[in-house]
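A short worksheet on the structure shown next.
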Protein chains: 2
Amino acid sequence: MKQTQTEARAIRAVPPRGATTTKTRILDAAESLFMEHGFEATSLRQITALAEVNLAAVSYHFGSKEELFESVLTRRLDPMNRERIALLTRFEREDASDVLSCERILTAMFIPALELARDRERGGQNFLRLLGRAYADPAPFIRRFLSEQYAVMIARFKAAFGRALPNLPKKELSWRLHFVMGALSYTLAGTDALKLIAALSPRDAGNDEILLHRLAPFLVAGLKAPLPDLSEFDGGGGSPRQAGGS
Amino acid sequence: MKQTQTEARAIRAVPPRGATTTKTRILDAAESLFMEHGFEATSLRQITALAEVNLAAVSYHFGSKEELFESVLTRRLDPMNRERIALLTRFEREDASDVLSCERILTAMFIPALELARDRERGGQNFLRLLGRAYADPAPFIRRFLSEQYAVMIARFKAAFGRALPNLPKKELSWRLHFVMGALSYTLAGTDALKLIAALSPRDAGNDEILLHRLAPFLVAGLKAPLPDLSEFDGGGGSPRQAGGS
DNA sequence: GTAGCATTCAAACAAACGTTTAACTGAATC
DNA sequence: GATTCAGTTAAACGTTTGTTTGAATGCTAC
């Protein structure tokens with residue numbers, strides 16, 4: 001039990017030994033530290049110190065630092081995206097009309113993320129911030145991994161949005177989904193969002209539901225925005241009309 | 001002229017020696033590499049090799065790696081934000097009505113960014129991506145630096161948006177500006193945006209104007225979205241009504 | 001021409017990095 | 001009770017990191 005690691009007992013953010021396996025202890029510690037400092041700035045020695053396991057355990061259980069990072073993401077991302085697709089399918093089956101509204105589709109995207117955020121015991125809070133960070137990371141292996149993980153889900157939701165917004169050209173829809181993912185990931189990454197919550201309404205602190213419920217109307221309106229008039233951008237403007245359907 | 005640096009001549013992305021000063025050569029190389037790999041993943045040896053200057057020159061001219069990073073950001077960010085405020089002030093003076101439209105205010109935000117992106121010779125393209133990345137970076141010194149740099153500009157624009165959207169509570173406006181900055185920075189960071197451009201319309205590749213002209217209507221609609229109904233989120237929804245003014 | 005100054009240079013610094021090694025544990029299998 | 005094997009351990013591997021050093025350089029001023 002003598003821990004001769006590098007140093008610095010580190011602040012206990014992981015349950016005591018014995019109650020958990022080495023593998024999950026590493027995943028939890030890595031999730032927390034990757035979120036806080038990013039992939040490159042987090043060392044395996046910090047991770048194993050926080051997890052109170054041996055340094056070599058990472059190589060043994062995961063192979064490398066990159067594979068550890070992918071495991072951290074997969075553990076939560078895979079079930080979440082699966083749940084998103086399942087929820088969307090259920091909505092489509094249950095709904096009376098044959099096309100879902102944008103609000104409903106966005107709901108299918110948000111609910112699984114909310115469940116994860118609420119699941120504080122399993123560190124979901126940390127994970128969403130980590131995910132938001134990963135979106136902005138230029139490391140090739142991260143980008144490759146994310147686009148693989150998201151490909152199926154994004155295609156599925158793009159089709160649903162396409163039906164909800166029949167007047168919106170496919171090209172335009174791709175852009176707007178890009179913007180949606182941008183606002184979403186930036187909000188989830190939220191080093192600033194947390195400060196915003198605290199500053200605006202201290203009692204809401206840590207309540208991700210309210211955050212996402214504010215984001216949804218913003219995004220729905222953006223998705224339904226009138227088509228861009230590329231000819232006169234900086235000419236200023238009249239008030240926009242609705243373009244998308246429903 | 002004998003370059004005994006670490007190795008790897010590196011791909012020439014910086015003008016030949018002699019034509020530029022050591023200081024700007026370092027800034028250019030750092031801008032390019034920080035953008036591509038992030039702050040932590042970029043070493044001073046990579047930077048000085050690309051710039052074809054001595055390793056110690058960084059310490060001599062900038063003091064440390066962190067100070068170099070801040071210098072890279074300041075060089076372009078400071079003039080850009082200054083220009084944004086100047087443009088907004090000019091719009092307010094020129095405009096017939098006493099309140100600017102959201103479109104016009106957003107234009108004052110975008111134009112200086114566009115000018116920077118267009119100014120390819122001075123590496124503006126690279127810089128915007130670097131800036132988008134920095135937004136998502138959790139490193140304390142980066143966050144501190146950015147919020148200091150942006151404080152004045154954001155406050156100025158928030159006031160303008162407040163006048164443009166008189167029916168929108170201040171609290172709600174803070175949130176929506178947060179989402180706006182999110183979509184904007186994610187788009188600018190754009191590892192994916194570049195792929196999107198190439199995939200959707202190859203002839204537009206590298207044309208940031210079109211990108212931002214698509215983003216503007218999306219954001220304006222979001223800003224004007226109806227107030228969120230926090231009581232029944234996942235109940236699905238009727239079609240939204242305009243909430244903001246103008 | 002020599003003093004002063006800013007700049008550049010090769011070399012070295014200690015520290016930290018991801019990964020590997022070989023010895024060692026403890027329970028399950030024969 | 002010997003064998004096996006997944007798991008853990010301390011220690012070391014060779015690199016690479018940001019930063020510092022002290023000598024050399026080139027220029028301006030006296």
Side-chain angles (χ1 to χ4, degrees), chain A residues 1-10 14 16-30 33-34 36-72 137 139-142, chain B residues 1-10 14 16-30 33-34 36-72 137 139-142:
Chain A
M1 210 59 49
K2 181 163 60 73
Q3 194 75 11
T4 337
Q5 222 61 328
T6 36
E7 49 141 29
R9 251 296 135 42
V14 171
R17 306 243 6 194
T20 47
T21 72
T22 297
K23 209 167 173 178
T24 68
R25 293 182 60 77
I26 293 176
L27 285 173
D28 289 340
L33 289 171
F34 281 148
E36 198 167 357
H37 307 117
F39 175 74
E40 297 284 353
T42 302
S43 73
L44 292 183
R45 284 170 175 83
Q46 291 173 38
I47 294 172
T48 53
L50 180 60
E52 297 183 63
V53 300
N54 189 275
L55 172 63
V58 173
S59 289
Y60 180 78
H61 285 287
F62 299 96
S64 69
K65 189 186 179 187
E66 292 198 357
E67 288 171 282
L68 168 60
F69 187 78
E70 294 184 3
S71 292
V72 168
D137 204 301
F141 89 95
I142 294 180
Chain B
M1 211 58 49
K2 181 164 57 76
Q3 193 76 10
T4 336
Q5 221 63 328
T6 37
E7 49 141 27
R9 255 285 140 44
V14 172
R17 304 241 10 190
T20 48
T21 72
T22 297
K23 210 167 174 179
T24 68
R25 294 181 60 77
I26 293 175
L27 284 173
D28 289 340
L33 289 171
F34 281 149
E36 198 167 355
H37 308 116
F39 175 74
E40 298 284 351
T42 302
S43 73
L44 292 183
R45 282 170 176 84
Q46 291 173 39
I47 294 172
T48 53
L50 180 60
E52 298 182 64
V53 301
N54 189 274
L55 173 62
V58 173
S59 289
Y60 180 78
H61 286 285
F62 299 95
S64 68
K65 190 185 177 186
E66 292 198 357
E67 288 171 283
L68 168 61
F69 187 78
E70 294 184 4
S71 292
V72 167
D137 203 304
F141 88 95
I142 294 180

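Just so it is clear, the structure is predicted and the values come from calculations on it, not from any experiment. Numbers restart at 1 for each chain; the letters A, B, ... are given by sequence-line order, proteins then strands.
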Indicate whether OP1 or OP2 belonging to [N] is found under 4.0 Å from a side-chain N or O atom of [X].
| X | N | result |
| --- | --- | --- |
| B:Thr22 | C:dT8 | yes |
| A:Ser43 | C:dA16 | no |
| A:His61 | D:dT8 | yes |

Whole angstrom is fine here: how far is it from [atom1] in [X] over to [atom2] in [N]?
| X | N | atom1 | atom2 | value |
| --- | --- | --- | --- | --- |
| B:Phe39 | D:dT17 | CZ | P | 13 Å |
| B:Arg25 | C:dT8 | CZ | P | 11 Å |
| B:Phe62 | D:dG18 | CZ | P | 15 Å |
| A:Glu67 | C:dG18 | CD | P | 14 Å |
| B:Lys65 | D:dT19 | NZ | P | 8 Å |
| B:Glu52 | C:dA10 | CD | P | 13 Å |
| B:Ile26 | D:dT19 | CD1 | C1' | 14 Å |
| B:Leu55 | D:dT20 | CG | P | 12 Å |

For A:Gly63 and for A:Ala41, locate the closest nucleotide of DNA chain C by heavy-atom distance; then report the residue assigned to the nucleotide nearer the 5' terminus.
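By nearest-heavy-atom nucleotide position, the 5'-most residue is A:Ala41.
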Closest listed nucleotide, where the reference is the side chain of [X] and the choices are [options]:
| X | options | value |
| --- | --- | --- |
| B:Arg45 | D:dT8, D:dT20, C:dA12 | C:dA12 |
| A:Leu44 | C:dG18, C:dA10, D:dT20 | C:dG18 |
| B:Gln46 | C:dT8, D:dT9, D:dT17 | D:dT17 |
| A:Ala56 | C:dT21, C:dT8, D:dT17 | C:dT21 |
| A:Asn54 | C:dT8, D:dT19, D:dA10 | D:dA10 |

Heavy-atom distance under 4.5 Å between the side chains of [X] and [Y], does that happen here?
| X | Y | result |
| --- | --- | --- |
| B:His37 | A:Glu40 | no |
| B:Leu68 | B:Leu27 | yes |
| B:Lys65 | B:Val58 | no |

Just checking A:Ser59: base, sugar-phosphate only, or nothing, at a heavy-atom cut-off of under 4.0 Å?
base
A cation-pi test, strictly: NZ or CZ of A:Lys23 under 6.0 Å from the centre of the six-membered ring of A:Tyr60 and no more than 45 degrees from its axis. Yes or no?
no
With rounding to the nearest 0.5 Å, note down the distance linking CG in B:Asp28 to CG in B:Leu33.
11.0 Å
All heavy atoms of A:Thr20 vs all of A:Thr24, minimum pair found to be CB-OG1, 3.7 Å
Return the minimal non-hydrogen interatomic distance between A:Ala57 and A:Thr22, and the atom names on each side.
CB-CG2, 4.1 Å
Contiguous Watson-Crick or G-U pair runs (3 or more, under 3.5 Å) in DNA chain D:
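Paired runs of 3+ in DNA chain D: C:4-28 with D:3-27.
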Would you call the rings of A:Phe34 and A:Phe39 parallel, tilted or perpendicular, where under 30° means parallel and over 60° means perpendicular?
tilted
Select from A:Tyr60 and A:Ala57 the residue whose nearest nucleotide in DNA chain D is closer to the 5' end of that strand.
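Per heavy-atom nearest nucleotide, the more 5' residue is A:Tyr60.
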